Number of protein chains: 2
Amino acid sequence: MSKADLLKLDNQLCFALYAGSRAVIRLYRPLLEKLGITYPQYLVMLVLWECSPEAINVKTLGERLLLDSGTLTPLLKRLEQSGLIERKRCLDDERARLISLTENGAKLKGKALCIPASLIKEVPLETAQFKQLRSHLQNLLNVLQSTEHK
Amino acid sequence: MSKADLLKLDNQLCFALYAGSRAVIRLYRPLLEKLGITYPQYLVMLVLWECSPEAINVKTLGERLLLDSGTLTPLLKRLEQSGLIERKRCLDDERARLISLTENGAKLKGKALCIPASLIKEVPLETAQFKQLRSHLQNLLNVLQSTEHK
DNA sequence: GGCAATTAGATTGCGGACAATATAATTGTA
DNA sequence: TACAATTATATTGTCCGCAATCTAATTGCC
C-alpha cells in the first residue's frame with residue numbers, strides 16, 4: 001500500500017474506532033435519557049455501582065475511566081446536582097474528594113440492569129464476535145497504556 | 001453471566017471502544033500539532049485530500065464522517081481561518097457550501113504522509129491484528145448504520 | 001520544625017459532538 | 001404559478017475531553 005493510500009479515510013483504524021465509538025454511544029442515548037444521565041455519567045455510575053458501598057476518590061475514578069479532573073470535576077458536580085452522588089472531603093486527606101452513591105444513586109442501578117441486554121439486541125453481533133472485538137480492543141488499550149509512559 | 005455482571009465496566013464493549021478511541025486520538029495529537037490541526041480537522045482534511053481537486057459540500061462531508069452541520073460548520077470555519085480550506089457558496093444551489101482545499105491545504109498533505117507510519121510504530125500491533133480489528137470495527141459500523149434507520 | 005517538592009482536585013479556555021431550532025433556498029404539486 | 005414541504009446549512013445551548021494553570025494539603029528531607 002502506498003503512502004497516499006495510507007492516508008485514505010477507510011484505511012484508518014482511528015476513524016473506525018472514533019466513528020464506532022460514537023455510533024455505539026448514540027445507541028445508549030435514548031436508554032440513558034430515561035435514567036436522566038449521559039453516557040460519561042453512566043460510566044461513572046458503573047464504577048460506583050461496582051465499588052459501592054465503598055466510596056472512591058476522583059483520582060482512582062479517573063484512572064479507571066482514563067479521564068482527568070478537568071473532565072470529572074464538572075461531571076461529578078452535575079451528578080451531585082441530580083442527587084445521584086455525594087462529594088465529601090476525605091478526613092484523612094483534605095485534598096481528596098470521596099465520591100459515593102446516594103440512596104437514589106444506588107437505586108438507579110435497578111433501572112440500569114436491563115440496559116446491556118437492550119443494547120445487545122440493537123447490535124446484531126454474535127456473542128463470540130462481540131467478545132472477540134471487545135478483547136481485541138482491551139488488548140489495544142493495554143498495549144497503549146503500557147507504552148505511553150516510556 | 002448475571003445481569004449485575006453485565007453492568008461491570010470491564011464487560012462493556014462500549015467502554016473499550018470509547019477509551020480505545022480516545023487513547024488512539026491521544027497518539028495523534030503531538031503529530032497533528034506539528035501540522036497545526038486537531039484530530040477531527042485531520043479527518044476532514046483526509047476526505048478533502050482524497051476528493052481533491054473536486055470540492056465537496058458539507059452534507060456529503062458529514063455523511064462521510066458521520067458528523068452533522070452543528071459540528072462541521074464551526075470546525076470548517078476554523079480550517080478556513082487557518083487558511084487550509086475555502087467555503088464557497090454553490091452556484092447551482094445557494095443553500096450549499098462547497099468546501100475545497102487552498103494551495104496551503106493541498107500542500108499540507110505532503111507533511112501528513114508520514115503520519116500513518118509514525119502511528120503504526122507507536123501501536124505495537126501486528127499488521128494482521130491491525131487489519132482484523134479495523135475490519136471488525138468497520139463491520140460493526142456497517143451493521144449499526146444499516147439498523148439505525150429502521 | 002521548616003520548607004521545597006509533590007499531590008489532589010478545581011478552574012479556565014478551547015474545540016468538539018449533538019439535539020433542537022432557525023433561516024433561506026429549492027422542489028413538488030395542486 | 002403560488003405555496004407547502006423539503007433540503008442545506010447555520011445557530012444556540014449543554015455536556016464533554018483535555019491542556020495548562022492554580023490552590024491548598026501533604027510529604028520528604030535537612
Side-chain angles (χ1 to χ4, degrees), chain A residues 14-15 17-30 32-33 36-45 55-63 65-82 85 87-99 148, chain B residues 14-15 17-30 32-33 36-45 55-82 87-99 148:
Chain A
C14 63
F15 177 65
L17 265 169
Y18 164 81
S21 169
R22 286 188 301 121
V24 172
I25 291 174
R26 208 170 293 140
L27 294 180
Y28 275 91
R29 216 179 308 272
L32 295 177
E33 210 166 311
I37 56 178
T38 65
Y39 179 74
Q41 289 169 12
Y42 174 64
L43 294 181
V44 168
M45 295 305 285
I56 188 174
N57 62 37
V58 175
K59 178 183 163 60
T60 311
L61 192 54
E63 284 166 356
L65 298 175
L66 308 176
L67 290 169
D68 70 5
S69 73
T71 301
L72 285 173
T73 298
L75 188 157
L76 292 170
K77 282 183 179 174
R78 284 187 285 270
L79 282 176
E80 188 182 36
Q81 281 295 313
S82 308
I85 67 163
R87 299 164 63 241
K88 293 186 184 140
R89 285 281 171 208
C90 176
L91 296 178
D92 300 343
D93 185 341
E94 289 281 335
R95 292 170 304 179
R97 285 268 189 192
L98 287 180
I99 309 298
E148 79 184 8
Chain B
C14 63
F15 177 64
L17 266 169
Y18 164 82
S21 169
R22 286 187 300 121
V24 172
I25 290 174
R26 207 170 296 138
L27 294 181
Y28 276 90
R29 215 179 308 275
L32 295 177
E33 210 165 314
I37 57 179
T38 65
Y39 179 73
Q41 290 169 12
Y42 174 64
L43 295 180
V44 167
M45 295 303 286
I56 188 173
N57 63 35
V58 176
K59 178 184 162 60
T60 311
L61 193 54
E63 284 167 356
R64 199 86 175 79
L65 298 175
L66 308 176
L67 292 169
D68 70 4
S69 73
T71 302
L72 285 174
T73 297
L75 188 158
L76 293 170
K77 283 182 179 174
R78 284 187 282 271
L79 282 177
E80 188 182 34
Q81 281 295 314
S82 307
R87 299 163 63 241
K88 293 185 184 143
R89 285 281 170 205
C90 177
L91 296 178
D92 299 342
D93 184 342
E94 289 281 337
R95 292 169 305 181
R97 284 268 189 195
L98 287 180
I99 309 299
E148 80 184 9

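Computed from a predicted structure; not experimentally measured. Sequence lines set the chain letters: A, B, ... in the order given, protein chains first and strands last, and positions in each chain run from 1.
- Counting to the nearest Å, the P atom of D:dA10 and the CG atom of B:Leu98 are 11 Å from each other.
- Taking atom CD of A:Gln41 as the reference point, atom P of D:dG17 lies 10 Å away to the nearest angstrom.
- Look at A:Arg87 and A:Glu80 and you find a salt bridge, because one of the NZ, NE, NH1 or NH2 atoms lies within 4.0 Å of a carboxylate O, short of that distance.
- Salt bridge B:Lys59/B:Glu63: present, at least one basic N to carboxylate O contact under 4.0 Å.
- Taking all atoms of both residues into account, the shortest heavy-atom contact from A:Leu67 to B:Arg22 is CD2-NH1, 3.2 Å.
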For nucleotides 5-8 of chain C, list the nitrogen or oxygen atoms of the protein found under 3.5 Å from its nitrogen or oxygen atoms, one pair per line.
from, atom 1, to, atom 2, distance (Å)
C:dT7, O2, A:Arg95, NH1, 2.6

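- Nucleotide C:dA24 holds its P atom 11 Å from the CZ atom of B:Arg89, rounded to whole Å.
- Taken over five-pair windows at either terminus, the axes of the helix from C:dG1-D:dC30 to C:dA30-D:dT1 are inclined to one another by 10° (rounded to 10 degrees).
- No contact: A:Leu72 has no heavy atom under 4.0 Å from any strand.
- Evaluated for a side chain to side chain contact (heavy atoms under 4.5 Å, CB included) with A:Tyr18, the options B:Leu17, B:Leu65, B:Val24, B:Leu43 yield exactly one hit, B:Leu43.
- In terms of heavy atoms, B:Ala55 sits closest to B:Leu98 at CB-CB, 4.0 Å.
- As a whole-Å value, the separation of A:Leu75 CG from C:dT11 C1' is 16 Å.
- If you measure from atom CG of B:Leu65 to atom P of C:dG15, you get 19 Å, rounded to the nearest angstrom.
- Looking at B:Arg89, its side chain does come within 3.5 Å of a backbone N or O of B:Arg95 through a donor-acceptor pair.
- Residue B:Lys77 places no side-chain N or O under 4.0 Å from the OP1 or OP2 atom of D:dT9.
- Considering all non-hydrogen atoms of both residues, B:Leu66 and A:Arg26 come closest at O-NH2, 4.0 Å.
- Atom OH of A:Tyr18 and atom P of C:dG16 are 9 Å apart (whole Å).
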Pairwise N/O distances under 3.5 Å, protein to nucleotides 18-22 of chain D:
from, atom 1, to, atom 2, distance (Å)
D:dC18, OP2, B:Arg22, NH1, 2.7
D:dC18, N4, A:Gly70, O, 3.2

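- Mapping A:Asp92 and A:Arg78 onto DNA chain D via the closest heavy atom, the residue that lands nearer the 5' end is A:Arg78.
- The shortest distance between side-chain heavy atoms of B:Ile37 and B:Met45 falls below 4.5 Å.
- For B:Thr73, the side-chain atoms get nearest to D:dT11 when compared with the rest of C:dG16, C:dA25, D:dT11.
- Looking at heavy atoms from C-beta onward, B:Val44 lies in side-chain contact with B:Leu79 at the 4.5 angstrom threshold.
- A:Glu94 is not listed as a side-chain neighbour of A:Cys90, based on a closest heavy-atom distance of 4.5 Å or more.
- The shortest side-chain heavy-atom distance between A:Gln41 and A:Leu75 falls under the 4.5 Å cut-off.
- One can place CG of A:Leu32 at 15 Å from C1' of C:dC18, the figure rounded to the nearest angstrom.
- Between B:Thr60 and A:Thr38, the residue whose closest nucleotide on DNA chain D is further toward the 5' end is B:Thr60.
- Taking atom CD of B:Glu80 as the reference point, atom P of D:dA10 lies 10 Å away to the nearest angstrom.
- When side chains are defined from C-beta on, A:Leu76 counts as touching A:Ile99, because their heavy atoms get closer than 4.5 Å.
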